[in-house]
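First the structure, in the form of structure tokens, and then the observations on it.
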Amino acid sequence: MPGLVVVLVLVLCVRGVESAVEGKAAHGAAVVRRPGVVSYSADRPHIVPRSVWASGDGEANTAARTPPAPRYDDKVVAVFIHHTDSPNTYDCADAPRIIRYLAAGQTGNRDWDDIGYNFLVDRCGTIYEGRAGGVDRAVTGAHTQGFNHRTAGIAALGTFTAGVPVPSAMTDAIAALVAWKLGLAGIDPRATVRLTSSNSHSRYPAGTTARLPALAGHKDGYMTTCPGAALSARLPEIRQAAARLQGRT
């Protein structure tokens, strides 16, 4: 019960958010060449389905077991990286329980319809499905106010403020996930993309078209320090790693 209380009262990286390890990330890139066309993509990494974390006992999993009908965009052209502002010293086997309580806090205390993040990654590099709707589809998330459309939200389990080590297994998994997800739309993780703000509470007034990194930090779209200075500093190398996984030079 103390652990439940601690997790539920955490101030998550959600200001500006709207209403054992199985397998390793695949590292093979598929470069499809047709006359005049080069298409870059990456293999889908292993993603633990939400049924794993949503199947625990107790009230915390109620919303997770009965998610609402998902909403979809046409494609995902950018990814926003978050951290959950939760403790870093967890046992990775306990990640499903932590995700369950994060979801409970968002659907209960904040009255959202589902967990906001599309994916979550623990410190051991395990990737979990977050928001319901299908990992291979462009599910509209609730992770970055103003920029939930045509984007995916990936949350790193932990707090990665200045000076906090970011596990390599975590950054490797994020790179593999980004390479695959952006590759579905042919997006270079190192590119910038045009996104239109839907909410004036973001860094840009509603209706403004902004040029943002295809692999962005939460703070690029909203006034926050998320995903923390330490993880933000790793984004350039994650972009490069994701590009290599897509077969780009």
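The first residue in the sequence is number 1, and the count goes up from there.
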Any chance the side chains of T159 and T161 put a donor and an acceptor closer than 3.5 Å?
no
I want to check something: taking the side chain as every heavy atom from C-beta on, are L195 and T209 in contact at a cut-off of under 4.5 Å?
no
Measure the shortest side-chain to side-chain distance between F147 and Y222 over non-hydrogen atoms and say whether it is less than 4.5 angstrom.
no
Would V79 and L182 satisfy side-chain contact (heavy atoms from CB on, under 4.5 Å), going step by step from the backbone distance to the final call?
CA-CA 8 Å; V79 172; L182 291 182; 3.9 Å; yes
Which heavy-atom pair separates G158 from N88 by the least distance, and what is that distance?
CA-OD1, 3.0 Å
Do you reckon V193 sits in the same ILVMFWY cluster as I174, going by side-chain contacts under 4.5 Å, direct or chained?
yes
Assess, by modelled atom type and distance only, whether the side chains of T151 and H143 contain a donor and an acceptor separated by less than 3.5 Å.
yes
So which atom in A241 and which in A175 form the shortest heavy-atom distance, rounded to 0.1 Å?
CB-CB, 3.8 Å
Please round to the nearest 0.5 Å and tell me the distance separating atom CG of L245 and atom CG of D43.
9.0 Å
Should T84 and L102 count as side-chain neighbours, where that means a heavy-atom distance under 4.5 Å?
yes
Under a 4.5 Å cut-off applied to non-hydrogen side-chain atoms, are V135 and R44 in contact?
yes
Please report the closest heavy-atom contact between A132 and P70, naming both atoms and the distance.
O-CB, 3.6 Å
The complete set of salt bridge (Lys or Arg N to Asp or Glu O under 4.0 Å) pairs with one or both residues in residues 155-165, sequence neighbours excluded, reads none
Linking I/L/V/M/F/W/Y whenever any side-chain heavy atoms sit under 4.5 Å apart, do Y72 and V76 land together?
no
Test side-chain contact (heavy atoms from CB on, under 4.5 Å) applied to A185 - qualifying residues, sequence neighbours left out
K75, I187
Just checking, is any N or O donor in the side chain of T192 or R211 under 3.5 Å from an acceptor N or O on the other one?
yes
Salt bridge present between D91 and R97 (N-O < 4.0 angstrom):
no
Calculate, to the nearest 0.5 Å, the distance between atoms CD and CD belonging to E237 and Q240 respectively.
10.0 Å
Quick one: does Y90's side chain have a donor or acceptor within less than 3.5 Å of a partner on L157's backbone?
yes
Please report the closest heavy-atom contact between L215 and R239, naming both atoms and the distance.
O-NH2, 2.8 Å
P45 and W180, any side-chain heavy atoms less than 4.5 Å apart
yes
Less than 4.5 Å apart, side chain to side chain, heavy atoms only: is that true for C124 and D122?
yes
What's the separation between atom CD in Q106 and atom OH in Y101, rounded to the nearest 0.5 Å?
15.5 Å
Regarding R100 and the six-membered ring of W53, is the cationic atom NZ or CZ under 6.0 Å from the ring centre and inside 45° of its axis?
no
Charged N to carboxylate O below 4.0 Å: is that the case for D74 and R150?
yes
Could you measure the distance from the CG atom of N199 to the OG1 atom of T144? Nearest 0.5 Å is fine.
11.5 Å
Mark yes or no for whether R203, through its side chain, and K219, through its backbone, hold a donor-acceptor pair below 3.5 Å.
yes
Under 4.5 Å between any side-chain heavy atoms of M223 and S202, yes or no?
no
Among side-chain atoms of T140 and N148, is any donor-acceptor pair under 3.5 angstrom?
no
Would you call the rings of F160 and H83 parallel, tilted or perpendicular, taking 30° and 60° as the class edges?
tilted
Roughly how far, to the nearest 0.5 Å, is the CZ atom of R50 from the CD1 atom of I115?
7.5 Å
Would a distance-only check, ignoring hydrogens and angles, find a side-chain to backbone donor-acceptor pair under 3.5 Å from N118 to G153?
yes
What are the two closest non-hydrogen atoms of A95 and Y128, and how far apart are they?
CB-OH, 3.7 Å
Should V48 and V139 be counted in the same cluster of Ile, Leu, Val, Met, Phe, Trp and Tyr side chains packed under 4.5 Å apart?
no
For S232, all residues meeting side-chain hydrogen bond (donor to acceptor under 3.5 Å, both in side chains), sequence neighbours excluded
none
Establish, for the pair R131 and Y117, whether the NZ or CZ atom is under 6.0 angstrom from the six-membered ring centre and no further than 45 degrees off its axis.
no
Locate the shortest heavy-atom distance separating A93 from P96; write the atom from each residue and the value.
O-CD, 3.5 Å
Okay, side chain of Q246, backbone of Y40: is any donor-acceptor separation there less than 3.5 Å?
no
Any heavy-atom pair between the side chains of I154 and F80 that's under 4.5 Å?
no
Should the pair H218 and H82 be assigned to parallel (<30°), tilted (30 to 60°) or perpendicular (>60°) ring geometry?
tilted
Looking only at side chains, do T208 and S197 share a donor and an acceptor under 3.5 Å apart?
no
Rounded to the nearest 0.5 Å, what separation is found between the SG atom of C92 and the CZ atom of R123?
4.5 Å
